[in-house]
Amino acid sequence: MRNIFLFIRRYFNLLLFLVLQAFCIYSLFRYNRFHEAVFSGMANAITGKINERYNDVEYYFNLKKTNEQLAKENARLYNQLRSNTESPDSTLKVFADTIVVDTLGTKRANIKYVWMEAKVVGNTISSQFNTLMLHRGANQGVKKDMVVVGPDGVVGTITDVGDNYSVVMSLLHRLHSVPVKLKSTDYSGTVKWDGVSPMYVNMNDVPKEANVKVGDTILTNNYSTRFPAEIPVGYVKEIIVDKTRGTYNLKLRTATNFYTIEYAYIVDNVQKEEQLKLEKENKKRTQLQQQ
Amino acid sequence: MSRLVKNMIRFALFVLVQALILNNVPPLHRFITPYLYFLFLLWMPFNISRPALLFTGLALGFSLDFFTKTYGLHAAPCVLIAYLRPFVINVLINRRESTEFNYVAPSITSMGWVPYIVYVLVLTAVHHGYLVMLEWLNFAGNFWYFIVKVLATTGISFGLIIITELVFPRRQKYRTNTA
């Protein structure tokens, strides 16, 4: 026993070093579960405040680009207005039901996606695990696993929610993946980032029958429970043939410009729970059948 | 101003400069991310106890990690260089002149140009080597990429540190027993 204490005293510094290292490595690789419990509340409030101050200045320099983006988006939305459609046949009427919340305050059944705007107050692009910070949190209706879409295309997924701020795992995060399809031929796949350049993401293992061309648009597909369908993710920049597997690996230019992003929309799939529940039940049933 | 207050201000400044300016520098190339914040650890006084230095390293790393949302990524290399620092200083300092007791902290004046540059280069390379390794741990990248990235970031950081040393010279008095 005495020897153990002597050993600890003799190598106290080394042991302390090893303990601290283990703590760092542990918290790095248990990324989500751990930091949520310990840090998210206070640390996010502080860094969020600082980021917001900083963003006030930075925002000014991007005003022109932000304006252009918003104008473009407005134009796109104007094109969807009901007043644009007029039929010579007066018996034909077009209705667009756009009320999100009814008088009782419950979300309406025929609405699937609810969009909430949010300002981007923090953004990294230089690391392997890039994140954004949005000035909208639990008090404003943000929940974990909602997705974030910018004016030009997909941005990421909410991983962490504070009272007034939320943290987004960016498309440029090594653990992020988006289910997608080709716009032209509807072949599905997954978009991931290889960590090399913040301009490009990758879509691997596309069958040759997909008939891809440089410049093709990649959109989110209809199978995802989180992402709304047909949101642009990227545009094919380069097609690389994987000779051993006989498939294409695509290099995509991201639809969103992560260098200049100022505003984003948080998208909530209201019908997600039902979909997930059915999926789970189905899984259970097939497992039982296999036994 | 007492040394503690001075170090606290320095700590905050280093973390903020790193998080708000250097991390936002548009990457000129995928290899280059300028790092400067760990210079705080290199500037700590000679006579700080080793456990205190380790905890300072942990605090510094985690403060930056709060901004980048990678809890532990910067803290681990900081703790490593905090642990290695006394060994490097022991090797580099001439015991007979007992610089440790005449000056407060490692600097060009207290150690001389060459030992100080070696001290900075070794710890910078260790910091970046470990940091890049952690970043790429779950990535099947090739080895050259790793080596070149470490070398490039070390070069940039070294340049930044030398500029910082020249722009903000730390005046240090020569302390003697007689005073």
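Just so it is clear: chains get the letters A, B, ... in the order the sequence lines come, proteins before strands, and each one is counted from 1.
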Student: For chain B, which residues from residues 12-21 of chain A lie under 4.5 Å away (heavy-atom distances)?
Tutor: Phe12(A), Asn13(A), Leu14(A), Leu16(A), Phe17(A), Leu20(A), Gln21(A)

Student: Decide yes or no for Phe67(B) and Asn51(A): does some side-chain heavy atom of the first lie under 4.5 Å from some side-chain heavy atom of the second?
Tutor: yes

Student: Sub-4.5 Å heavy-atom contacts with chain B: which residues of residues 244-257 of chain A show up?
Tutor: none

Student: Just wondering, more than 12 heavy atoms not from Arg10(B) lying within 6.0 Å of its CZ?
Tutor: yes

Student: Starting at CG of Leu134(B), measure out to CD of Gln128(A) and round the result to the nearest 0.5 Å.
Tutor: 11.5 Å

Student: Can you tell me which portion of Leu58(B) sits under 4.5 Å from chain A's heavy atoms? Options are side chain, backbone, both or neither.
Tutor: side chain

Student: Can you find a heavy atom in the side chain of Ile50(A) that is under 4.5 Å from one in the side chain of Leu16(B)?
Tutor: yes

Student: Give a yes or no on this: more than 12 heavy atoms of other residues, nucleotides or ligands lie within 6.0 Å of atom CZ of Phe11(B).
Tutor: yes

Student: Would you name the heavy atoms of Cys24(A) and Val79(B) that are closest together and state the gap between them?
Tutor: SG-CG2, 4.3 Å

Student: Using heavy-atom distances under 4.5 Å, tell me whether Asn123(A) contacts chain B through its side chain, its backbone, both, or neither.
Tutor: backbone

Student: Provide the full list of side-chain hydrogen bond (donor to acceptor under 3.5 Å, both in side chains) pairs with a residue in residues 50-66 of chain B, sequence neighbours left out, each pair given once.
Tutor: Asp65(B)-Thr70(B), Asp65(B)-His74(B)

Student: Evaluate whether atom NZ of Lys119(A) has more than 12 neighbouring non-hydrogen atoms of other residues, nucleotides or ligands under 6.0 angstrom away.
Tutor: yes

Student: Who wins among Gly72(B), Ala75(B), Gly57(B), Cys78(B) for the most heavy-atom pairs under 4.5 Å with chain A?
Tutor: Gly72(B)

Student: Is Leu53(B) close to chain A through its backbone or its side chain, or both, or neither, when contacts mean heavy atoms under 4.5 Å?
Tutor: neither

Student: Using every non-hydrogen atom in the two residues, find where Ser27(A) and Tyr71(B) come nearest and quote the distance to one decimal.
Tutor: OG-O, 3.0 Å

Student: Which heavy-atom pair separates Ile25(A) from Ala76(B) by the least distance, and what is that distance?
Tutor: CD1-CB, 4.4 Å

Student: What residues, two or more places apart in sequence or in another chain, satisfy side chain to side chain donor-acceptor pair (under 3.5 Å) together with Tyr83(B)?
Tutor: none

